[in-house]
Amino acid sequence: MVLIFYLTPYWYNIENSRFLIHDNLDSNIVWFKNLAESGHLFNHNNGIIDRTLGGLSRDYYPSDLNIRTILFWLFPSIKAYCILNIMMHLTAFLGMYLLCKDYLLAKSKNKKIFCVYIALIFALIPFWPSGALTISGQPLLLWCFFNLINKKKQNYSWIIILLFPFFSSLVLGNLFFISTGFLIYVLYCFKNSTIYWNVILALSLFTALSVIIEHRLFEQFFIHQIPLQRFYSFNNNINLKGLVGISLSQTIKGQYHFFGRVWPLIPLYILLSFFYIKSKSIKNLIFSIIILIFLLSILTTAKDLNFITDYFPFFISFNPRFIGLNNVLWYILFALSFHKFQSRPRYFKLLSYPIVIIIGVIPFFNSFKEDFQGYDGIENSFYQTYINKKSNSHQSFKEYYLIKEFEEIKSLIDVNSRICCIGINPEIAQFNQLSTLGGYYPFYPQKKCTEFNEIINNSNDFCSKRLYLKYEDINNKTKFSTLLNKNIEYLISNKAVKSNHLN
């Protein structure tokens, strides 16, 4: 009931609910909508979707075998988005509850209430909406693999493992779950002198399905080898000292796309509990998981090392998101710290109970919301809809996409023409069924970057993810002439444009 209450913005009066803008309303939702309405969702012959970047091949868009895409095809965008979020949080609750009940707290007294509470606080994590079950479904996935090892509930486990790739993302998390999970599995087999062939088969099928679902992505990179433009900010050129410092900060605070609201209370509780755990095996397990979390953060940050980017340029455009596993590992540590909770001294309970309760309350008030960069980029629709109604980071669909205003605009222009947005996010126009010259997309053909740089008279051979025109581009005669050559008939601006070239 607490979780249902927390998810109120996704099922009650959703037209006025406020959702995250950054990497959400300003991008991903529009991409799914553009694809769903293009008529090319199931096109495997390189159809062109006109709405962004002057036309982008279908191959660059998300897979037609993924539930995220299908939801936006079946339902209006706002309903698809809300269904996706509800599914993520409910799956997170179910998965963590089963993992705790059958494995993490299986021998603990009062395990039912403990399992429910741990599952609840995990389900209150502000999961990045576009990730679908990639992060929120990891406890359920772990439960399935543990079942295969222990030969329990195998039918359910096989079904979930085989369906999971259709509800998650390979590049956002599954790739790193597979690689890390396989390494841990090898070490486990070596320790127990036993090979679990059903686990090998499950990992193989899981990998194969993930690749098949994202086949377009593999074709672009490895078969067609089309030169792609990918955001270059990954190359931060840090040194070894910076690697350790950033990785440590990322370990305890997370990154906004993979934010678990871990710092500072969960590490504090784990530290307090560590001294009262008598079992050496559990202590060793907790210590090993902490080391693993830190190593995963190092692997994520190492892409920015001078040495890596100088000798392996591939990592300039590839983002190894191993930190996507950190949330489930931190909450596994939290569950293990509950072990034999009822047998601890009374004064310890008096100290730890407030911490445990606060951990469950803070999501409703959006406390401890900054990641390791000090950035607040998480979605908390409950807080932003009912408490902090004036936040600039969240808006409703109708507010952000200017639906009423664009209805009036479309009554004045030829909606089949290509437009250019000045001072306004092109994705807002795209959401309203208009095609734009510019846009925001994570990767695209290099020729798109070249064409855009020609318009703004830029001699660079790289671009950012956001190809936006500015007011000064319109006031420059050369740039404006180039713009007209791109068959742009309308400019949409958020303020009056004064230019001698607009005749």
Side-chain angles (χ1 to χ4, degrees), residues 96 99-100 103-111 113-126 135 138-139 142 180 184 243-255 258-301 322-363 365 367-374:
M96 184 57 76
L99 185 62
C100 289
Y103 296 103
L104 300 180
L105 298 176
K107 298 180 181 179
S108 177
K109 295 180 181 179
N110 300 323
K111 70 175 183 178
I113 187 64
F114 289 165
C115 291
V116 168
Y117 187 75
I118 294 170
L120 173 63
I121 61 172
F122 182 78
L124 294 177
I125 286 178
I135 307 300
Q138 286 177 356
L142 285 173
T180 304
I184 294 174
L243 172 66
V244 174
I246 293 173
S247 300
L248 181 60
S249 179
Q250 200 173 63
T251 295
I252 58 177
K253 291 189 176 181
Q255 194 262 353
F258 308 99
F259 192 76
R261 218 187 296 270
V262 170
W263 175 260
L265 295 179
I266 289 180
L268 176 61
Y269 182 83
I270 293 170
L271 180 64
L272 290 173
S273 302
F274 190 81
F275 295 104
Y276 289 99
I277 295 175
K278 297 180 180 180
S279 172
K280 288 186 177 180
S281 60
I282 293 180
K283 279 191 171 184
N284 291 336
L285 180 58
I286 289 176
F287 184 74
S288 299
I289 293 176
I290 291 175
I291 296 299
L292 176 60
I293 293 173
F294 182 60
L295 290 176
L296 292 173
S297 297
I298 287 180
L299 288 173
T300 302
T301 312
F322 285 95
I323 55 169
L325 301 174
N326 284 7
N327 284 341
V328 69
L329 293 175
W330 271 116
Y331 281 85
I332 286 174
L333 288 175
F334 184 67
L336 292 174
S337 299
F338 258 90
H339 192 63
K340 297 182 179 178
F341 182 85
Q342 64 282 341
S343 64
R344 292 171 183 160
R346 180 178 298 177
Y347 64 84
F348 174 83
K349 291 184 179 180
L350 291 176
L351 179 64
S352 62
Y353 266 128
I355 297 176
V356 170
I357 293 172
I358 291 172
I359 290 173
V361 171
I362 57 176
F365 298 95
S367 304
F368 309 117
K369 57 188 177 181
E370 288 83 14
D371 69 355
F372 80 103
Q373 306 165 93

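Values below: every heavy atom of this structure, side chains too, minus hydrogens, waters and symmetry copies. As the structure is a prediction and not an experimental result, all values here were calculated from the model.
A distance of 6.0 Å separates OG1 of Thr301 from CG of Leu243, quoted to the nearest 0.5 Å. Note: Leu105 CG to Tyr103 OH = 13.5 Å, rounded to the nearest 0.5 Å. Summarising the geometry, atom CG belonging to Leu268 is positioned 12.0 Å from atom CD1 belonging to Ile252; distances are rounded to the nearest 0.5 Å. The CD1 atom of Ile323 sits 9.0 Å away from the CG atom of Asp371 when rounded to the nearest 0.5 Å. Atom-to-atom distance recorded for Ser337:OG and Ile332:CD1 is 11.5 Å, nearest 0.5 angstrom. Of the inter-residue distances, the one linking Trp330 atom CH2 with Ile289 atom CD1 reads 10.5 Å to the nearest 0.5 angstrom.
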Ile135 and Ile125: CA distance, side-chain angles, deciding distance, side chain to side chain contact (heavy atoms under 4.5 Å, CB included) verdict: CA-CA 10 Å; Ile135 307 300; Ile125 286 178; over 6 Å; no
Side chain to side chain contact (heavy atoms under 4.5 Å, CB included) between Val262 and Asn326, worked out: CA-CA 10 Å; Val262 170; Asn326 284 7; over 6 Å; no
Step-by-step side chain to side chain contact (heavy atoms under 4.5 Å, CB included) determination, Ser279 to Lys283: CA-CA 6 Å; Ser279 172; Lys283 279 191 171 184; over 6 Å; no
Working for side chain to side chain contact (heavy atoms under 4.5 Å, CB included), residues Gln255 and Gln373: CA-CA 8 Å; Gln255 194 262 353; Gln373 306 165 93; 4.1 Å; yes
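Residue Ile266 comes nearest to Arg261 through the heavy atom pair CD1-O, 4.3 Å, listed as atom of the first residue, atom of the second, then distance. The minimum heavy-atom distance between Gly360 and Ile121, with the atom names listed, is CA-CG2, 3.7 Å. Nearest heavy atoms, Phe259 versus Lys253: CE1-O, 3.4 Å. Residue Phe338 comes nearest to Val356 through the heavy atom pair CZ-CG1, 3.9 Å, listed as atom of the first residue, atom of the second, then distance.
Judged by distance alone, with hydrogens and angles left aside, the side-chain atoms of Ser249 form no donor-acceptor pair with the main-chain N or O of Gly245 at under 3.5 Å. The main-chain N or O of Ile359 is never found under 3.5 Å from a side-chain atom of Tyr269 such that the two would form a donor-acceptor pair.
With Ile290 as reference, Leu333 is the one residue of Leu333, Leu285, Thr251 to meet the side-chain contact (heavy atoms from CB on, under 4.5 Å) rule. When the options Tyr331, Phe334, Tyr117 are evaluated for a side-chain contact (heavy atoms from CB on, under 4.5 Å) with Phe122, the one that passes is Tyr331.
Side-chain contact check for Thr180 versus Leu299: every heavy-atom pair is 4.5 Å or farther apart.
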